[in-house]
Amino acid sequence: MKQNIKLKPSETVTDFLNQVIIGDCIQLMNALPEASVDMIFADPPYNLQLSGELLRPNHSKVSGVDDAWDRFDDFRTYDEFTENWLMAARRILKPNGTIWVIGSYHNIFRVGATLQNLGYWMLNDVIWRKTNPMPNFRGRRFTNAHETMIWCARDQSSKYKFNYEAMKSLNDDLQMRSDWTLPLCTGTERIKGDDGKKAHPTQKPESLLHRVILSSTDVGDVILDPFFGTGTTGASAKMLGRHFIGLEREQKYADVARKRLQNTEQVDDLELLKTPNKRAQPRIPFGWLVERGILKPGQTLFDQRRRHSARVRADGTLAASSFNGSIHQVGAFVQKAPACNGWQFWYAEQKGKLVPIDVYRQKLRAELPASH
């Protein structure tokens with residue numbers, strides 16, 4: 001891995017893939033080619049406005065964020081900094097790219113307003129609910145148990161990526177919600193220095209970045225992190241077969257990140273990292289199942305609980321009562337619903353057990369030539 005790269009405006013982004021670059025993130029982003037990255041994950045300074053020490057009940061000091069990089073003279077200074085780095089970030093995003101910004105109540109609302117003012121298009125705010133938050137030792141406020149991520153497209157017309165099926169699979173085949181319950185970075189994942197203390201006070205867990213990256217990028221995409229820290233974004237990107245560019249101002253954090261990345265392994269079979277989009281898969285008409293004899297005319301289909309039924313017609317439609325139509329139309333009819341995905345609704349009986357007809361569709365897809 002290259003050391004202390006100096007980026008020149010004439011360089012192409014390819015030369016800096018999978019590298020940690022030392023310097024001011026605004027200057028570095030302004031030097032990168034326009035529209036050159038697919039996704040940005042940003043964990044900017046929170047501007048915590050801490051004053052004095054925070055002690056536990058046993059009078060031991062809480063190791064909070066009191067570094068110089070998190071200090072700003074006032075809100076106006078912080079807002080100017082936020083606007084400048086977000087402008088630089090928007091320039092290097094591809095037209096269909098997205099950005100994730102994480103923050104706490106100290107800064108996320110100011111960041112959100114700036115995102116909208118600059119033309120980003122908000123897609124979601126995602127709440128990261130921590131399973132093991134730090135207690136409120138003074139007992140004068142609620143325990144601060146979450147952080148907020150704002151997910152935006154570059155602009156309103158962006159055709160952004162969202163790997164819906166991958167998120168549904170991660171969530172036990174249920175739609176992924178915008179509240180994520182994940183633990184803080186602790187134990188062996190927490191990187192420590194030679195003195196035994198945290199190498200970085202705000203290291204994020206790999207589980208959080210795994211979900212972010214898997215949800216909104218594809219294998220081979222370029223992910224940039226302008227506040228790279230100890231390199232969680234880079235490590236997660238590498239493990240998931242994506243490229244990364246890490247920008248970091250502090251030499252000590254960059255050194256930690258580089259060492260971490262050298263020890264991060266990537267799966268050798270990239271096919272295992274891909275998240276196919278079901279909408280992009282070959283279309284299989286229901287009638288093909290009838291033509292191939294997988295389902296026969298006159299056969300009865302049921303819903304999963306056997307509350308509704310319909311009979312298969314020779315032309316690949318279904319009949320229920322006096323209504324004939326496609327598997328989707330009849331599924332909606334029997335439920336008195338506006339719409340229905342018939343592939344997921346209807347089941348066929350096989351040796352006394354109900355089998356979803358989508359299993360048969362997948363079988364036919366697997367038989368199609370790879371170039372289909």
Side-chain angles (χ1 to χ4, degrees), residues 38-43 96-104 108 121-133 145-153 158-187 189 203-221 223 232-233 235-242 266-267 269-281 303-305 328 331 335 337-347 354-359 361-362 365:
D38 297 284
M39 193 264 273
I40 294 173
F41 180 83
D43 184 7
N96 296 326
T98 59
I99 184 172
W100 291 79
V101 187
I102 188 169
S104 69
I108 198 64
W121 188 251
M122 287 201 179
L123 302 173
N124 279 112
D125 66 321
V126 176
I127 301 301
W128 168 30
R129 183 186 172 197
K130 304 170 185 177
T131 58
N132 50 346
H146 77 277
E147 293 183 31
T148 301
M149 291 185 293
I150 299 177
W151 181 39
C152 293
S158 297
K159 297 178 181 178
Y160 58 90
K161 296 173 185 174
F162 177 53
N163 295 321
Y164 171 80
E165 286 83 12
M167 292 297 96
K168 191 174 180 182
S169 297
L170 278 183
N171 199 39
D172 199 21
D173 210 29
L174 297 173
Q175 280 191 349
M176 182 72 76
R177 295 167 28 138
S178 61
D179 51 340
W180 299 356
T181 302
L182 297 167
L184 284 166
C185 181
T186 57
E189 187 183 348
Q203 181 184 341
K204 296 300 184 289
E206 289 181 2
S207 59
L208 184 71
L209 269 298
H210 180 103
R211 192 174 293 186
V212 165
I213 291 171
L214 196 65
S215 71
S216 48
T217 64
D218 293 330
V219 170
D221 280 356
I223 301 168
T232 302
T233 301
S236 299
K238 183 177 179 180
M239 287 187 286
L240 291 171
R242 278 71 167 169
Q266 180 180 318
V267 176
D269 185 356
L270 293 182
E271 288 298 319
L272 298 174
L273 303 177
K274 293 181 180 179
T275 54
N277 186 340
K278 287 185 179 179
R279 294 179 182 178
Q281 292 180 321
D303 72 307
Q304 190 173 14
R305 298 183 181 180
H328 314 295
Q335 297 179 89
C340 171
N341 184 334
W343 290 107
Q344 296 179 0
F345 180 75
W346 293 111
Y347 287 67
L354 291 182
V355 177
I357 62 172
D358 198 34
V359 169
R361 178 171 66 161
Q362 295 303 326
R365 276 182 175 154

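Along the sequence shown, the residues carry numbers beginning at 1.
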Does [Y] offer a backbone N or O that forms a donor-acceptor pair with the side chain of [X] under 3.5 Å?
X	Y	answer
Ser215	Val212	yes
Asn171	Lys168	no
Arg129	Ala145	no
Gln203	Glu189	yes
His328	Asn341	no

Mind checking side-chain hydrogen bond (donor to acceptor under 3.5 Å, both in side chains) for [X] and listing every partner two or more places apart, or none if nothing turns up?
X	answer
Arg177	Asp179
Ser104	His106
Lys274	Glu271
Lys130	Glu147

List the residues meeting side chain to side chain contact (heavy atoms under 4.5 Å, CB included) with [X], not counting sequence neighbours, and say none if there are none.
X	result
Leu354	Phe302, Arg306, Tyr347, Glu349
Leu272	Val267, Asp269
Ala166	Asn163, Leu214, Thr275
Cys340	Ala332, Gln335, Phe345

Steps toward side chain to side chain contact (heavy atoms under 4.5 Å, CB included) verdict (Met39, Asp221) = CA-CA 8 Å; Met39 193 264 273; Asp221 280 356; over 6 Å; no
Taking ring pair (Phe, Tyr, Trp, His ring centres under 6.0 Å) as the test, write out the residues that go with Trp128, two or more places apart.
->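 Checked Trp128 against ring pair (Phe, Tyr, Trp, His ring centres under 6.0 Å); zero matches.
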Looking at residues at least two apart in the chain, or sitting in another chain, which of them share a ring pair (Phe, Tyr, Trp, His ring centres under 6.0 Å) with Tyr160?
->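 Ring pair (Phe, Tyr, Trp, His ring centres under 6.0 Å) list for Tyr160, sorted by chain: Trp151.
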Closest heavy-atom pair and its distance - Leu240, Val219 |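 Taking Leu240 first and Val219 second, the nearest heavy atoms are O-CG2, 4.0 Å.
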Among side-chain atoms of Ser207 and Trp180, is any donor-acceptor pair under 3.5 angstrom?
->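 Checked: Ser207/Trp180 side chains show no N/O donor-acceptor pair below 3.5 Å.
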Heavy atoms, side chains only, cut-off 4.5 Å: are Leu208 and Met149 in contact?
->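 Touching, per the 4.5 Å side-chain cut-off.
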